[in-house]
Number of protein chains: 2
Amino acid sequence: MAHTSALPAARSAAQDSDPDHDALMERLARAAAGYYRDLTAAAALHGLTMTQAKMLILLRRQPLPMRALAGRLACDASNITGLVDRLEARGLVSRHADAADRRIKNVVATEEGREAVRLICADMRGTSEAFARLDEEGRRSLYELLGRLHPEDTQETT
Amino acid sequence: MAHTSALPAARSAAQDSDPDHDALMERLARAAAGYYRDLTAAAALHGLTMTQAKMLILLRRQPLPMRALAGRLACDASNITGLVDRLEARGLVSRHADAADRRIKNVVATEEGREAVRLICADMRGTSEAFARLDEEGRRSLYELLGRLHPEDTQETT
DNA sequence: GTCATTGCTTGGCTGCATCAAGCATCTAAC
DNA sequence: GTTAGATGCTTGATGCAGCCAAGCAATGAC
């Protein structure tokens, strides 16, 4: 936290003035932990792991090549193979060789896979309730601030 | 929410009016992913896993019994044993039998452990830069909104 | 004392993550 | 074209993280 001493104001400054870097980090950490805890629990209700749920969520709108999935999930490409294997075995996604480049396998969520995403999101009660704690103005601000925190750079992958 | 009418308005509503539940969830997901990606990378610089880093962060202020760690990390108690084993083997934490109840082992971060936390937090450049994208007013709002999202209920554990 | 409860550990099993190595395909350069 | 390199995916090996069931030790209630 606020290091040695020297900065007496910083500590409880969080309440009113510019929140200290660490204080803000702590709250972001809490929000992140809450989100993942909720997602993990909701996914478990449907027999899925958090990582599997994250992948299905990425695929809900459009198919993605395995390579792109590795990028989005920030993990090694070799990881994706097993991940997709397990989801494919359960009929939630399928691989389709790309027409233009036969090295590429596009992973597409099946209807059952998309339905699983819907159910999981609906089961994320903790997060829904958290949002409900804000008024409309609060939700709008939060949405806007989070958008500024992480501008949607990592997008184009198709 | 406000979705009485069937169709088209809700979709891009995120831009201006009350952001729809899913749009807000998506941004929260992005923020959470960004935070953990950054934490994982920073921890890796010091040869630690994300989970190990999370545990050290929890212990930075005060010792906690293993049971409490399981609660905070939202995992099975049996998990903590191995986690603490590995950190203890590296001299970052140590176990101390509780004076009042000898079943309890309090886990305390060593000075080296606390130093590791400091270095890791300092290495979270991505998150720091994200905060820097907001002005002071933005940081204050975000801090306040995140505080309302997750009121600090889960606290007392000592 | 006895017995149920609580805190931690162990063992077994799965999934997730890494790396190194390999095959197939595409691209470019000759 | 043929070769050489780059790129996309898979495999195998290893370690960590997660769960569960089972066990021991200590506490607390009686």
Are any non-hydrogen side-chain atoms of [X] and [Y] less than 4.5 angstrom apart?
X	Y	answer
A:Val107	A:Leu87	no
A:Asp98	A:Pro65	no
B:Leu56	B:Leu92	yes
B:His21	A:Cys121	no

Short N/O separations, protein against nucleotides 3-5 of chain D, under 3.5 angstrom:
none

(message) I want to check one thing: is the phosphate of D:dA6, taken as OP1 and OP2, less than 4.0 Å away from some side-chain N or O of A:Arg67?
(response)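 A:Arg67 to D:dA6 OP1/OP2: no side-chain N or O under 4.0 Å.
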
The criterion is side-chain contact (heavy atoms from CB on, under 4.5 Å); which residues satisfy it with [X], sequence neighbours excluded?
X	result
B:Arg103	B:Asp101
A:Lys54	A:Tyr36, A:Leu39, A:Met50, A:Leu73
B:Ala29	A:Tyr35

(request) Answer yes or no: is there a donor N or O on one side and an acceptor on the other, between the side chain of B:Glu129 and the main chain of B:Gly126, under 3.5 Å? (result) no

Between [atom2] on [N] and [atom1] on [X], what's the gap in Å once rounded to a whole number?
X	N	atom1	atom2	result
A:Leu69	D:dC9	CG	P	9 Å
B:Asp85	C:dC8	CG	C1'	11 Å
A:Leu87	C:dG15	CG	P	11 Å
A:Arg90	C:dT14	CZ	P	15 Å
A:Met66	C:dC16	CE	P	13 Å
A:Asn106	D:dG8	CG	P	12 Å
A:His96	D:dG8	NE2	C1'	18 Å

(request) Return the set of residues passing side-chain hydrogen bond (donor to acceptor under 3.5 Å, both in side chains) with A:Asp38 (not counting sequence neighbours), or none when no residue passes. (result) A:Thr127

(request) Do nucleotides 16-30 of chain D as a string where each nucleotide becomes B, S or -: B if the base has a protein heavy atom under 4.0 Å, S if just the sugar-phosphate does, - if no protein is that close. (result) SSBBB----BBS---

